[in-house]
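Below: one structure, written as structure tokens.
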Number of protein chains: 2
Amino acid sequence: MSGIRLSDLAARVGFDISTVSRALRNDPRVRSDTRERVMREAEAMGYHPNLTARALAEGRSRTVWFILPGLERPIERRPASIASRWFLERGYDLLIVQHHGDPVVYARVLERLANGGADGAILIPHSPPEGLAEGVLVEAGIPFVYLDRYAPGIGAPVVTTDNVMAAAALFDALAAAAEKSGKPVAAAVDAFFPERNPVEAARSKGWREAAARHGIPVVGKNGSPVGISSGSPTVPPAGPIALAGSNARWLERARLSFDALAGRKELLAAVFDDWRGPRTAYETILVAVQDFRTMAVSASELLLNGLENGAGAPEKPILVPISGLCGPDDVARPDEL
Amino acid sequence: MSGIRLSDLAARVGFDISTVSRALRNDPRVRSDTRERVMREAEAMGYHPNLTARALAEGRSRTVWFILPGLERPIERRPASIASRWFLERGYDLLIVQHHGDPVVYARVLERLANGGADGAILIPHSPPEGLAEGVLVEAGIPFVYLDRYAPGIGAPVVTTDNVMAAAALFDALAAAAEKSGKPVAAAVDAFFPERNPVEAARSKGWREAAARHGIPVVGKNGSPVGISSGSPTVPPAGPIALAGSNARWLERARLSFDALAGRKELLAAVFDDWRGPRTAYETILVAVQDFRTMAVSASELLLNGLENGAGAPEKPILVPISGLCGPDDVARPDEL
DNA sequence: TTGTACGCGTTATCAC
DNA sequence: GTGATAACGCGTACAA
């Protein structure tokens, strides 16, 4: 550390350590000239408080964690960046912690959080979220907010995209595009993973419901690539096929492993957040972009509320609408360099 | 916090608090059956040490920061992810802190680091790096390692890509490709920013040196878009033109604002890490991918050395070769979901 | 092998 | 207004 302690400063200015402490923290009880004197000397000596000691004494660190699986997916890193600035402006430091989607690391991180790591956290759990590790937080009275994914049944606020509506919007848009070109969609493929987490489940639901509304059959068993690759009994009718999944990676897996799709040329793609796949395999590619800013700010506000006003009510999930649909090249890129 | 303190546990098992403390930390002096007893009871009571108190007593937190501008650029987030796992396996927690490229936030972060935030840090500074804020770290004796960018003159280890060689390799490859297609490169555009930081300077140098070696003229004033847009006196000869910059964004700015390029069809592009730009504006697009893993591990090893063996020698920069050149679609994507 | 006592650097609670 | 003094929870020489 900086070497210079409060006691050093106190000795230098001739006041007691407690008076100096008060002076530095703008306590109204100290005389203004005393404060001036202390401030000036602190500056001169290059004094800076030891934050560990302060945290121990105050019982809080004015620090918040943003816990996430990794940094590669926009839904994970973008809200983290936004929340970082948001908390910075309010006197808190936000630290980002990765659990790498590993349950063991995840448990360790929460453990550490519960024992003095930070005052609270925004949390994107691993998949599938079991809600076991979160017990230590609840027990320790550490406020936290789930973002995007969440474990149902835990008494914590949840902020997530309205995924049912988003998936339905994707279907509607693809159907309209196909209709317009004279070749209406003949079948839909569901490449979501409803059993993985609530997000995937909601998207699968929205996609299938929209297809049903349009009277279009959905092929593939339960949307899982396993079912798809093992050969679905359903043979899709002739005509364009619309595929949907959370990202290009899973969509591609479905496309390449689903026998019924072999040789089909008229394919339409729908994914979330960005397109990281081939450009030529699909006639139309549509991306649903989540509203990262609104999600981050909502979660931050909820957390700050829990931080300063005690545990907030475990309200029902906040569903944020997507910010819109667009093509693979139109996804907004935040500034860089 | 968890509520349960060491003293509670001590009272429960009937031993002194210090004995319990030792037992939990596997001190060889405590009898094995005592340790067993303590361990079992600790488990039962759900005891977990208060990390703030431990940090204060021990004088260190077994925590490391990875300080970076943001999460959007691969060179920033990928090493952070890799270093996170690396330190995790060695008993340290790595926390990621953003400074958003803002000098004020940057100074505040370093200040906080110097006063108990963590035991050390890997640091990607803002541009242009001035080396002023780093003084607090040196003064406080906090070990840190510069990654990618760095402020010259600070006594800290530096790990960065061999950017001179990388830029030269890009030029050679583009020249070879053009040659092969029968239309050799006629001119080169330098869209780096040598005055911004050492990385940009090295790339500009490598690019220009390679061009000179091939006897090909470089147009644009000092490589800066300002110079380019203000109309360089040099009119490039007819034939393919090779543009290089750190990313597609700056390359595009140069292409669109440089009068001499207006209407030219035969353009070749060279960038670093990934391509986030139009696919059709260039005949060839080449990406130099930095070796994030080697960079992260090298920096981590240097930091750990400083952490455990005292300040390591301020050796000269470690230059890591790029992992290779590839097309815009072949950039490796780490696993997601 | 276990217990005592003090230190880590601040903040908070009392007196004065 | 200011000064002692006790927390905060844990680690560790030193003593026993």
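Heavy-atom basis, side chains included; hydrogens, waters and symmetry copies ignored.
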Between B:Tyr146 and B:Glu134: side-chain donor-acceptor atoms closer than 3.5 Å: yes
Under 4.0 Å protein heavy-atom contacts per nucleotide of nucleotides 11-16 of chain D, with B for base, S for backbone only and - for none: SBB---
Value in whole Å for how far the P atom of D:dG9 lies from CG of B:Leu56: 12 Å
Is the distance from OP1 or OP2 of D:dC10 to the nearest side-chain N or O of B:Ser7 less than 4.0 Å? no
Atom pair distance, as rounded to whole Å: CZ in A:Arg5 and C1' in C:dG7: 11 Å
Taking atom types as modelled, find out whether B:Arg149 and B:Ser127 have a side-chain donor-acceptor pair closer than 3.5 angstrom. yes
Separation of D:dT2 atom P from A:Arg37 atom CZ, nearest Å, is 12 Å
Quantified as the angle between the terminal helix axes (five pairs each), what is the overall bend of the helix from C:dT1-D:dA16 to C:dC16-D:dG1 to 10 degrees? 40°
How long is the line joining CG of B:Leu9 and P of D:dC10, in whole Å? 9 Å
What is the distance from CD1 of B:Ile4 to P of D:dC10, rounded to the nearest Å? 11 Å
For A:Leu56 versus B:Thr52, what's the shortest heavy-atom pair and its separation? N-CG2, 3.6 Å
Between CZ on residue A:Phe87 and OG on residue A:Ser300, distance to nearest 0.5 Å: 4.5 Å
Should the pair B:Arg25-B:Glu58 be classified as a salt bridge under the 4.0 Å nitrogen-to-oxygen rule? yes
Between B:Asp102 and A:Arg85, is the closest basic N to carboxylate O distance under 4.0 Å? yes
Measuring to OP1 and OP2 of D:dG1, would you say a side-chain N or O of A:Thr34 lies under 4.0 angstrom away? no
Starting from C1' on D:dC8, measure out to CG on A:Asp119 and report it in whole angstrom. 15 Å
So B:Val199 and B:Asp148, side-chain contact (heavy atoms from CB on, under 4.5 Å) or not? Walk me through it. CA-CA 7 Å; B:Val199 171; B:Asp148 188 42; 3.5 Å; yes
Could you tell me whether A:Glu43 and A:Arg40 have a side-chain N and a carboxylate O separated by less than 4.0 Å? no
If each of A:Arg31 and B:Leu51 is mapped to the nucleotide of DNA chain D with the nearest heavy atom, which maps nearer the 5' terminus, i.e. the 5' end? A:Arg31
Can you tell me the distance, in whole Å, between the CG atom of B:Asp33 and the P atom of C:dT2? 7 Å
Presence of salt bridge, A:Arg108 and B:Asp93, under 4.0 angstrom: yes
Rounding to a whole Å, what distance do you find between B:Asp8:CG and D:dC10:C1'? 13 Å
